[in-house]
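One structure below.
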Number of protein chains: 2
Amino acid sequence: MTAAEVAELAGTSVATVSLVVNGKTAGRVSQANIERVLSAVRELGYVVDHTASSLAKGTSNIVILVAPDLSNPFYGRVISGIKAELGSEYQLLLSVTGEGRNPSAADVHRLVALRPAGLLVEAPDDAFLRDLPAGAPLVLLDAPGRETQAPTVNFDLTSGISALLTHLAARGHTRIGYLDSLTRTETFELRRTLLERGAAAHGMDYVAIPEAASLIDPDGAAAAFAKYWPRWRDAGVTALVCATDSHAYGVLGKARELGVSVPGTLAVTGFDNLPASAIVSPALTTVELPGEALGRGAVRALMAQRDGSDEHADQDRPTGPGVAALAAAPLIGARLIVRDSA
Amino acid sequence: MTAAEVAELAGTSVATVSLVVNGKTAGRVSQANIERVLSAVRELGYVVDHTASSLAKGTSNIVILVAPDLSNPFYGRVISGIKAELGSEYQLLLSVTGEGRNPSAADVHRLVALRPAGLLVEAPDDAFLRDLPAGAPLVLLDAPGRETQAPTVNFDLTSGISALLTHLAARGHTRIGYLDSLTRTETFELRRTLLERGAAAHGMDYVAIPEAASLIDPDGAAAAFAKYWPRWRDAGVTALVCATDSHAYGVLGKARELGVSVPGTLAVTGFDNLPASAIVSPALTTVELPGEALGRGAVRALMAQRDGSDEHADQDRPTGPGVAALAAAPLIGARLIVRDSA
DNA sequence: CTGAAAGCGCTTACAG
DNA sequence: CTGAAAGCGCTTACAG
């Protein structure tokens, strides 16, 4: 099924078919021809070949999301948000490396060879950003501190963590620990830093055990907790902040096994507010990170970029709405959900 | 960066460049030229343009996974399995509709317009299969009963549910209920059917409330449970099988709220064995469905299909290994994990 | 408003 | 073993 066959049936040229199926008829195709083509398209069930179209246009309608891992249910929400905001004009291609690894330079090039309409990169590292050839519009997700390298959409961790520390201090905790994520991305570095700096401001001590970290997975977190709990306990830690809810699940499970009472002996908190967090036992106190809003925000930033450069090209205006939208990109709110575990 | 530039630098034709970068040099390119091209490729950082290559070849290296929803953490595992088995030769494109809806005919055509190397479809419905234009190699996941329509990879629900019923009967239950999924796909139909038929064989009654169903999401399940619990209770139901672990989480949460003791008053079970299921309270008894193995199996079936038709084309042999592999496609084991909730 | 034609960057018979 | 050339199916100036 090709445009040539449609043209044949409609009695027009393929150029006209292309104009019609792409909706570029204004002042260029007669109403009569529009209708002929449309009816031929319907009759033959014609769909524009994406590959040929992309080659001719120089760009595809594929938007690629690069994510380090998908076993964390958190990403399901991000993807929902992206899909919802993207609409049916674009296709979402997912590139995952798994196990907290980042894509290699080869992976990056393979992605760019797809001529994507946009690249959405979750928690990129330096190597990724360095290897990335120019070309595709780029938006970073969950990459605090990289705002100068590309349009970025982030959570308002400062507020969320401040609320968490206030809550912990009010419950009488004076020494807190942190179970980190092994994926050393900015968002986790920032969580740790904010905790460390904020603790003092709230009259608490931050007991640092940098090795206490695991992948985003309850089993790994459980093992890490089993290993480091004695040190935290001996240091007087009564509240353990976990890098994600998935980490917290593992801690909760292992604590039960070890007979460590939560929140009596140890308060436990997470980040994300996954659906199961209200159901685990004890129900998890956590900083909610609305993944869907993050996904939506990322797509908006992508579109702003596209529109911005369009205007730029069309009108040679250095500060189009794209640039404005970018500068104004708001942080995604992160609020504390207090339940039973802390 | 094009093949022409590489050819220029290497002092060869673009045809030779193409042969080299595609590894089709055997008996066709001299060692000297191979090295010249390779070094030019390295120097220029050349990567084959995927779009142009796909157009010329007639097929891309994109494999598309069509999934109804991604908020269910279960799919994270399926995707991991697919990625792992796919290797770096192919790219995985994800197409999601969300909220348990299936892709429309328009979506389907857009997908096929990408000329995918393969289509992996999770829980397809009739409309999808009907609208699907021939062309791309197809594998169905989680589609019991559709084995005759396309190569399919399924869980061994029969064994898993039989084990579940045996366990429930041994614990003295005589009347069981089922909280269904609203996404009316084969796998859920089959779970219900096996439960209904199997109950009698295990000396139990199946109390049918067909309307008792929700999307795969704890909140929806909680609401459904709140609504139908009185009817189940009045009918003497002491064990409630939930369509997925996510459903069960909602039931557990709501039961606690309502003061329904689990498993004392009501035993609750799920399907999937998500990471959080060991941590929820009470820990969930569930039928484990290894998503990663499902993903791997699907890719193997896809490759078998590809190899099969290759051989077929090359040697005109009606029963190549592809066909054999297909017929032998084993069910993915589903085993019962007994914890505290039932 | 219309169509012939060039071009997007590759791959693959084909002739040598 | 090598390269010129056709072709993949579109899109987009361009001339009319």
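What's counted below: heavy atoms across the whole structure, side chains too, no hydrogens, waters or symmetry copies. Note that the coordinates shown come from a computational prediction; the quantities given were computed from them, not determined experimentally. The chains referred to below are lettered A, B, ... by the order of the sequence lines, with proteins before strands, and numbering in each begins at 1.
- For A:R115 and C:dC8, the CZ to P distance is 10 Å, given to the nearest whole Å.
- Under a 3.5 Å cut-off, the side chain of B:T183 and the backbone N or O of B:T185 do not form any donor-acceptor pair.
- Between B:R296 and B:A84, the closest heavy-atom pair is NH2-CB, 3.4 Å.
- When each of B:L55 and B:L19 is assigned the nucleotide of DNA chain C bearing its nearest heavy atom, the one mapping closer to the 5' terminus is B:L55.
- Among the protein residues, B:V17 comes within range of no part of the nucleic acid, since none of its heavy atoms lies under 4.0 Å from any strand.
- Within the 4.0 Å cut-off from OP1 or OP2 of C:dC1, not a single side-chain nitrogen or oxygen of A:N33 is found.
- Nucleic acid contact class of B:A3 (heavy atoms, under 4.0 Å, all strands): sugar-phosphate only.
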In residues 26-34 of chain B, what donor-acceptor pairs under 3.5 Å come from side-chain atoms, sequence neighbours left out?
residue, atom, partner, partner atom, Å
B:S30, OG, B:N33, N, 3.2
B:Q31, NE2, B:E35, OE2, 3.2
B:N33, OD1, B:R36, NH1, 2.6

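- The interatomic distance linking B:K57 (NZ) with C:dC10 (C1') rounds to 9 Å, in whole Å.
- Using a 4.0 Å cut-off, no side-chain N or O of A:Y46 falls inside it from OP1 or OP2 of D:dG9.
- Looking at DNA chain C, the stems built from 3 or more consecutive Watson-Crick or G-U wobble pairs, each pair with its key distances under 3.5 Å, are C:1-3 with D:14-16, C:5-12 with D:5-12, C:14-16 with D:1-3.
- When the side-chain nitrogen and oxygen atoms of A:S53 are compared with OP1 and OP2 of D:dT11, one or more of them lie within a distance under 4.0 Å.
- In this structure, the separation between OG1 on B:T187 and CG on B:D142 is 4.5 Å, given to the nearest 0.5 Å.
- Distances were taken from every side-chain heavy atom of B:V29 (C-beta onward) to each of D:dT11, D:dT2, D:dG3; the shortest belongs to D:dT2.
- An OP1 or OP2 oxygen of C:dT2 is reached within less than 4.0 angstrom by no side-chain nitrogen or oxygen of A:S13.
- The CG-P distance, from A:N22 to D:dG9, rounds to 17 Å in whole Å.
- For D:dT2, the OP1/OP2 oxygens have a side-chain nitrogen or oxygen of B:S30 closer than 4.0 Å.
- In this structure, the CZ atom of B:R36 is 14 Å from the P atom of D:dC1, given to the nearest Å.
- For the side-chain contact (heavy atoms from CB on, under 4.5 Å) criterion with B:E122, the lone passing option out of B:L140, B:V66, B:L294 is B:L294.
- The distance between atom CZ of A:R28 and atom P of C:dG3, rounded to the nearest whole Å, is 14 Å.
- Checking side-chain atoms of B:T16 against main-chain N and O of B:T12 turns up no donor-acceptor pair under 3.5 Å.
- Residue A:T16 places at least one side-chain N or O closer than 4.0 Å to OP1 or OP2 of C:dG3.
- Closest contact between the side chain of A:A15 and the listed nucleotides C:dG9, C:dT12, D:dT12 involves D:dT12.
- Contact annotation: A:T51 side-chain N/O to D:dG9 OP1/OP2 distance is not under 4.0 Å.
- Nearest nucleotide to the B:K24 side chain, out of C:dT12, C:dC1, D:dT11: C:dT12.
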Which atom pairs, donor and acceptor, lie under 3.5 Å between side-chain atoms of residues 123-131 of chain B and protein residues at least two apart or in another chain?
residue, atom, partner, partner atom, Å
B:D125, OD1, B:A127, N, 3.4
B:D125, OD1, B:F128, N, 2.9
B:D126, OD1, B:R146, NH1, 2.9
B:D126, OD1, B:R146, NH2, 3.2

